[in-house]
Colleague: 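I have a structure here, written as structure tokens, and I will follow up with some questions on it.
Atoms considered below: every heavy atom in the structure, side chains included; atoms not considered: hydrogens, waters and symmetry mates. Both ligands and their constituent atoms are indexed starting at 1 by order of listing.
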Amino acid sequence: MAQTRKLDTKTTARLLSIATHVGALIPLALLLWDYWLYQFGADPIREITLRTGKPALILLGLSLACTPLNIIFGWKHLIPLRKWLGLYAFLYASLHALTFVWLDYGLDPGLIVEAVFQKPYALAGFSTFILLVSLAVTSKRWSMRKLGKRWKRLHKLAYVAGVLAGVHFLWLVKNLYTEPLIYAAILGALLLIRVRPIRQGIIRWRRQLKSKLEDTQP
Ligand code: HEM
């Protein structure tokens, strides 16, 4: 019985991992496909910018959701996916930033610096990107070992990146704020769950619920 459950957990973890990798690569595959078929509209640079920015934001949000979902539902198999979701967010953010500095600004350092410091949304995006770079380069196990306790503190910056990405998104939107506000609400809820008393309360409630369920089972 215990062995079957272990096998089920293993299968679930493997399926989730496959779904994560496939799902995270779909926007990139579609982008390359449309590029191949010349299906970009009148403003291809803008299209690439938008189609890399959104996946970066969503994947960052999903990566931040893994720990709170484990706290609420005890879904432990999400924990190893955190890193991959974060790395995929970094991949899309790199393509997004590259589109801006290369395709949009022709790799001209003067123009890029001017744009980043003149446009508040670009400064927020740039700051997010710098944070994602620092998280990605320290995501390997040996960085974890080398940095010790500081690694955990550094990786809390993922939440700061999430907030800055939200600010970047909010600043870009001209009149329809629904999407950025949904993102902000989800991020706010995720941050609240990380607050120690709230987190401990949820864990306690989950344990009580579990023991009650076990008691009612024949
Ligand atoms: C060097 C850093 C960055 C720069 C210069 C930058 C710049 C831009 C620009 C120019 C746009 C398109 C504006 C428009 O034409 O409407 C955009 C959109 C966007 N960016 Fe960034 N960005 C940066 C980093 C990031 C990062 C790190 C994220 C997320 C993690 C992100 C998420 C988004 C999102 C969600 C959109 C809107 C997409 C949509 O409306 O569908 N950006 N960004």
Colleague: Once the angle between the rings of Phe90 and Phe129 is folded into 0 to 90°, is it parallel (under 30°), tilted (30 to 60°) or perpendicular (over 60°)?
Modeller: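 Answer is parallel, since the angle falls under 30°.
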Colleague: Would you check if the side chain of Ser17 reaches a backbone N or O of Ala13 as a donor-acceptor pair within less than 3.5 Å?
Modeller: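 Judged by distance alone, no pair lies under 3.5 Å.
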Colleague: Does Phe169, at its CZ atom, have more than 12 non-hydrogen atoms belonging to other residues, nucleotides or ligands within less than 6.0 Å?
Modeller: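 Yes, because the 6.0 Å sphere around CZ of Phe169 holds more than 12 heavy atoms from other groups.
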Colleague: Could you identify the single nearest non-hydrogen protein atom to atom 15 (O) of ligand 1 and state the distance to 0.1 Å?
Modeller: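 Minimum-distance protein heavy atom for atom 15 (O) of ligand 1 reads Arg46 NE, 2.7 Å.
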Colleague: To the nearest 0.5 Å, tell me how far Ile72 CD1 sits from Ile203 CD1.
Modeller: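 That separation rounds to 10.5 Å.
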Colleague: Parallel, tilted or perpendicular for Tyr88 and His21, by the 30°/60° rule?
Modeller: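 Taking His21 first and then Tyr88, their aromatic rings stand perpendicular (interplane angle over 60°).
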Colleague: Looking at non-hydrogen atoms alone, which of Leu50, Asp104, Ile112 comes nearest to atom 40 (O) of ligand 1?
Modeller: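 Nearest option to atom 40 (O) of ligand 1, by heavy atoms: Leu50.
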Colleague: Below the 2.8 Å mark, what number of protein N, O or S atoms do you get around atom 21 (Fe) of ligand 1?
Modeller: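 Total protein N/O/S atoms under 2.8 Å from atom 21 (Fe) of ligand 1: 2.
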Colleague: Does the side chain of Leu30 come within less than 4.5 Å of Arg51's, by heavy atoms?
Modeller: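 Arg51 vs Leu30: side chains touch.
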Colleague: With no hydrogens and no angle check, just 3.5 Å: does a side-chain donor-acceptor pair link Thr138 and His155?
Modeller: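 On atom types as modelled, these side chains qualify, holding a pair under 3.5 Å.
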